[in-house]
Amino acid sequence: MSEKFEPKVVAFVCNWCTYAGADLTGTSRIKYAPNVKIIRFPCTGRIDFMLLMKAFANGADGIIVSGCHPNDCHYSTGNFHARRRWMVFKSMLEFMGVDTRRIVFSWVSAAEGAKWAQLVNTSVEEFRKLGSYDAYKQVAKLNIEKEVFNG
Amino acid sequence: MDDIRKKAKELLENKTVQVVIGYGKGSGEEARAIFVRDAAKTDQLIFDETCLQNLAVYILKHEVKHLGKIAIVATSSVLRSIMILASEQQLKDGDLVVLGITSDGKYIDLPNFKAIEDYLATLNVSITDKEKELLKMIDAMTMEERWAWWQNEFSKCFKCYACRSACPMCYCPKCTTDSNQPQWIPVASHQLGNMEWHLMRAMHLAGRCINCGECAKACPMDIPLNLLTYKMIDEMNANFGVTVGMKPDAVFALSTFKNEDKENFIR
Amino acid sequence: MARIGVFICHCGENISATVDCAKVAAVASNFPGVAYSVDYKYMCSDPGQRMIIDAIKEKKLDGIVVGSCSPRMHEPTFRRATAEGGLNPFLCEMANLREHCSWVHEKGDVTTAKAIDLVRTLVEKVKRNTPLLPIKVPVTKTALVIGGGVAGIQAALDIANTGHKVVMVERDPSIGGHMSQLSETFPTLDCSQCILTPRMVEVAQHPNITLYTYAEVESLDGFVGNFKVKIRKKAKSINEKDCTGCGLCCTKCPTKKIPSEFEQGLGFRSAIYVPFPQAVPNKPVIDKENCTYYTKGKCRVCEKVCPTKAIRFDQEDEILEIEIGAIVICTGFNILKTSFFPEYGYGVYKDVIDGLQFERLASASGPTLGEIRRPSDGKIPQKIVFIACAGSRDPAKGIEYCSKICCMYTAKHAMLYKHKVHEGKAYIFYMDIRAGGKMYEEFVRRAIVEDEAQYIRGRVSKVYEKNGKLIVVGADTLLGAMPVEIEADMVVLATAGIASEGAESLAQKLHVSYDAYKFFAEAHPKLKPVETNTAGIFLAGACQAPKDIPESVSAASGAAVKVAALFSNDELTRDPMVAFVNRTAPPVFSTCVGCFLCQPVCPYQAIEKEEIKDRQGKTIKTVARINPGLCQGCGTCVALCRNKAIDILGYTNEQVYTEVVALLNEY
């Protein structure tokens with residue numbers, strides 16, 4: 001492979017802050033790496049930890065999880081609950097040897113369009129350096145090049 | 001022990017309970033759980049160092065509930081399980097009779113949840129040094145080593161779900177692993193499915209596990225599953241100052257939060 | 001097989017400049033279950049929407065994916081079109097090809113490929129969408145107005161005059177706000193009290209308005225149309241019903257040397273006090289921190305002299321719980337004080353004062369009865385220096401914005417000074433004169449031409465005291481930064497307008513956003529200037545940013561109309577994307593085990609216990625139930641539920657799971 005490795009990155013973001021922040025990135029025409037694709041959730045509190053595992057199991061090399069800053073949650077407390085869960089989940093993954101450098105947690109507000117672009121770019125660069133998440137893909141029996149999806 | 005037999009007999013005779021869950025002699029070296037329904041048979045109840053099983057697992061089993069009101073021989077693990085079941089609204093004070101027993105076999109009168117709470121407060125329930133050593137051993141590994149170590153352990157799993165059946169906290173009649181819309185956990189016992197199952201199990205026990213170790217004991221492949229939940233106990237304690245299973249009305253650590261919860265990884 | 005319609009929008013060239021829209025549509029047409037796929041210049045235009053409506057009918061579509069701008073922009077538009085085509089509007093999803101793709105990536109195959117991935121993801125999601133029906137909830141037609149300044153007064157009166165009930169909460173013992181402290185107002189120089197006090201009285205007497213002064217919002221629950229607010233009525237230590245407001249207690253109170261907040265510390269008040277003579281309500285409160293009885297346990301003079309025996313030393317704070325349907329936040333602003341300006345000697349030299357203090361000096365009811373006398377020795381200043389932009393537009397001070405009102409009030413101050421001290425001379429150091437507004441520029445001109453205010457363009461570097469004079473050292477940048485030194489008798493700083501104290505914590509209690517300066521944030525700076533991002537909560541006045549009186553009043557009337565519009569409905573239609581606990585056939589009834597660990601997670605107390613009973617009325621099982629009227633759809637309970645007994649419409653487990661899989665896998 002002579003081509004530069006391009007990580008597949010899924011972003012799990014809340015509708016009110018980070019999704020809107022990413023909208024602002026667009027409105028401000030700030031460019032960022034196209035590797036990241038966003039899935040919209042109502043709140044970080046809705047993001048089931050199993051979904052992150054599913055992203056890895058389906059070939060993601062990196063994951064971004066982002067929502068409202070503490071005290072800014074549209075639902076007032078969803079992000080606080082999410083933060084606790086992430087603390088527990090992250091240490092569990094670390095304990096099991098999952099590469100948690102591949103999960104970037106962040107707070108990006110609706111006003112932080114520039115932060116979103118920067119977050120994506122630095123994360124993608126980090127994921128690129130880490131390379132393909134082959135350890136997980138082997139476990140998931142993923143043919144690293146292509147997988148047929150029977151949707 | 002005689003106190004317990006006497007108490008059990010009395011409870012069955014005066015029909016306060018219909019069944020006494022306790023330990024009896026097993027076929028091999030170890031004791032097994034017995035369900036005494038006849039006052040005359042209460043002398044089958046024993047207690048010795050082999051009586052380690054967390055009997056609380058039976059409290060919510062449909063087959064046991066069906067028998068009527070229960071009395072249970074309760075070690076500290078059973079008592080702590082009862083506390084969690086109470087805080088998860090599965091048990092009310094008075095739903096069952098608790099025959100408390102110390103590790104050296106002495107009967108303790110625990111008439112209600114308050115008494116259990118007070119008794120538990122006198123016990124040291126922190127994880128043992130041996131357990132801490134095990135955690136340290138794994139923590140000392142590199143990420144790749146940990147991954148390989150666990151993958152090797154998980155590769156032995158064939159999804160018999162004995163870990164789930166043995167756990168007093170796995171009382172959901174329909175587990176996530178049984179749901180297929182979507183199929184959260186692959187049915188087949190392959191590497192991914194095994195890992196996802198054990199990850200999910202450990203996450204679902206975070207803040208609920210009291211470290212009775214039944215899961216690991218039940219595992220026919222000797223996977224040290226309890227390490228995963230030990231880790232969670234450690235985390236709960238370090239991050240949120242929580243020791244689970246000490247009070248009948250404790251708030252689940254992941255049902256709440258503090259503004260000042262401290263992490264160092266959110267960007 | 002599903003029959004999904006895919007509509008790819010060029011958005012003029014906004015999308016098509018970097019994404020090959022025709023290719024996206026062509027690839028999508030081969031997705032399993034896609035029955036129709038097309039691209040078009042402007043999907044949101046009338047003909048674009050018509051394409052969707054027609055295609056639904058002609059191609060018998062059962063799901064719509066529009067690949068265009070952000071759903072935050074046009075989701076309502078396309079859902080409406082979907083409904084017009086005869087489908088349930090919630091069978092329409094949008095792939096964000098503009099904000100999240102074409103605008104942020106370079107033109108090329110990768111960008112087009114990403115657009116295809118996004119469309120595929122939403123196609124798979126929409127296959128799992130179900131028709132949803134909007135939820136109707138009743139509206140409590142009572143508004144809460146927080147803050148009793150001019151904005152709050154206007155909002156309360158406007159709402160009350162439409163026939164709806166208003167509850168007004170004011171933190172201070174009297175309503176009136178900063179406007180009641182002002183002497184005269186620009187650009188007409190009418191007396192502030194004269195125009196405001198009648199409106200204050202109107203608030204107090206209006207049959208539709210309930211006024212709580214010396215009270216604060218403690219907490220807020222619920223949602224638009226159905227809020228529950230807790231109000232803390234701080235103990236005034238008097239029985240308001242018995243008190244006639246005769247004022248005898250205030251006259252007899254032995255503790256008299258407390259700096260008056262209303263007089264900005266230039267006058268004094270007693271421990272039991274009415275903040276100012278025209279206060280509404282005109283009834284005293286006891287300042288517990290300064291009252292000798294509360295601090296030392298002795299005195300009770302007021303109790304002895306009170307002719308109606310209205311003093312209540314044992315009165316405690318009272319918490320009121322009120323149901324309301326909408327909220328207008330009018331908590332106003334404050335001005336920078338304290339030692340923020342060491343270079344100007346503020347707080348060191350008694351004769352360096354701020355704008356609000358000058359207002360009190362100029363006010364006919366102020367501590368000097370309207371004579372301009374300097375605080376140190378009561379002499380009438382012969383030379384006075386006004387410093388505009390004290391703190392404002394000064395990144396070094398952390399305030400980059402323009403406080404907006406200072407240019408005008410400084411001109412007014414110079415004018416008032418000249419009107420009262422005919423022989424005096426006023427100097428004004430300024431950065432720019434910003435006098436945009438009806439009659440504003442003319443007003444400033446008048447100050448310069450008629451009242452001989454001398455404007456010096458430049459900053460003041462230092463103020464120091466010498467022989468009883470304040471030496472103001474500055475530069476005149478219009479004269480090539482020529483140094484200027486003025487021996488002044490008094491210096492007035494037009495300090496920056498800042499967010500009101502406690503604004504941040506109030507915003508958090510109300511779950512509304514605020515900006516970096518702790519001013520409340522509007523939903524849209526141009527098109528939704530009085531709305532917040534939280535439905536049913538509106539803004540008016542200077543709590544949003546520094547504003548002058550006319551602006552505050554118009555915003556208040558605007559917010560009042562929004563409230564009245566809300567109250568014109570008996571029922572509100574709410575988004576049906578709420579969480580629910582599954583129900584299955586007996587004997588299971590629900591996979592919910594009734595652990596209720598989800599209950600404390602809900603910010604809206606929407607999770608209830610439901611007892612499932614047999615025919616004899618015996619409880620078989622207790623399970624959770626989510627009240628669809630209270631649920632706001634955050635889904636925090638969904639992710640918490642161990643065995644997936646809770647799910648959420650619009651973001652179901654199946655939908656989001658499929659999105660993850662579809663995003664990462666091509667067919």
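So that the names make sense, note that chain A is the first sequence line, chain B the second, and so on, each numbered from 1. Predicted, not measured: the structure shown is a model, and the values here were computed from it. Atom set for the values below is all heavy atoms of this structure, side chains included, hydrogens, waters and symmetry mates excluded.
- Annotation: the span from A:Ile39 atom CD1 to C:Gln655 atom CD amounts to 12.0 Å, rounded to 0.5 Å.
- Atom NZ of A:Lys31 has more than 12 neighbouring heavy atoms from other residues, nucleotides or ligands inside a 6.0 Å radius.
- In this structure, the portions of C:Glu106 lying under 4.5 Å from any heavy atom of chain A include both its backbone and its side chain.
- Heavy atoms of A:Val120 lying under 4.5 Å from chain C are absent altogether.
- A heavy-atom distance below 4.5 Å is found between the side chains of C:Val656 and A:Leu51.
- If you measure heavy-atom distances from A:Trp116 to chain C, you find no contacts under 4.5 Å at all.
- The residue from C:Glu75, C:Glu659, C:Glu93 that alone fulfils the salt bridge (charged side-chain N to carboxylate O under 4.0 Å, His left out) condition with A:Arg40 is C:Glu75.
- The aromatic rings of C:Tyr651 and A:Phe41 lie parallel to each other, their planes meeting at an angle below 30°, with 60° marking the opposite boundary.
- More than 12 non-hydrogen atoms from other residues, nucleotides or ligands lie less than 6.0 angstrom from CD of C:Glu218.
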Original post:
Can you check side chain to side chain contact (heavy atoms under 4.5 Å, CB included) on C:Val104 and A:Ile30, steps first, answer last?
Top reply: CA-CA 6 Å; C:Val104 288; A:Ile30 306 172; 5.7 Å; no
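- Residue C:Lys228 qualifies as open at atom NZ: its count of foreign heavy atoms under 6.0 Å is 12 or below.
- Contact annotation: the side chain of C:Glu99 never approaches that of A:Thr25 to less than 4.5 Å [non-hydrogen atoms, C-beta and beyond].
- Here the shortest heavy-atom pairing between C:Ala639 and A:Gly45 reads CB-O, 3.2 Å.
- Atom CG in A:Asn79 sits 10.5 Å away from atom SG in C:Cys634 (nearest 0.5 Å).
- Side-chain contact between A:Lys8 and C:Leu663: absent, with no pair of heavy atoms (C-beta onward) separated by less than 4.5 Å.
- Proximity to chain A (any heavy atom under 4.5 Å) is restricted, for C:Lys644, to the side chain, taken from C-beta onward.
- In this structure, C:His100 and A:Asp23 have side chains that are in contact, with non-hydrogen atoms separated by less than 4.5 Å.
- Your options are A:Ala20, A:Ala33, A:Pro34, A:Cys43, and the one with the most heavy-atom pairs under 4.5 Å with chain C is A:Pro34.
- With a 4.5 Å cut-off on non-hydrogen atoms, A:Asn71 touches chain C through its backbone and its side chain both.
- With values rounded to the nearest 0.5 angstrom, A:Lys37 atom NZ is found 8.0 Å from C:Thr121 atom OG1.
- Looking at C:Asp515, there are no atoms closer than 4.5 Å to chain A (heavy atoms on both sides), in backbone or side chain.
- Among A:Asp72, A:Asn35, A:Thr27, the residue with the largest count of heavy-atom pairs under 4.5 Å with chain C is A:Thr27.
- When only modelled atom types and interatomic distance are considered, C:Asn96 and A:Tyr19 share a side-chain donor-acceptor pair under 3.5 Å.
- Proximity to chain C involves both the backbone and the side chain of A:Asn15, based on heavy atoms less than 4.5 angstrom apart.
- With a 4.5 Å cut-off on non-hydrogen atoms, C:Ile648 touches chain A through its side chain but not through its backbone.
- For C:Asp647, the part lying near chain A is the side chain, with the backbone staying farther off; criterion is any non-hydrogen pair under 4.5 Å.
- The two residues A:Arg85 and C:Val601 make their nearest non-hydrogen contact at NH2-CG1, 4.2 Å.
- When each of A:Met53, A:Lys54, A:Met50 is checked for a side-chain contact (heavy atoms from CB on, under 4.5 Å) with C:Val660, only A:Lys54 meets the rule.
- Panel note: side chain A:His81, backbone C:Thr636; no donor-acceptor pair is recorded below 3.5 Å.
- Of the atoms belonging to C:Gln632, heavy atoms from both backbone and side chain fall under 4.5 Å from chain A.
- Contacts of C:Tyr514 with chain A are made by side-chain atoms alone, with heavy-atom separations under 4.5 Å and no backbone atom involved.
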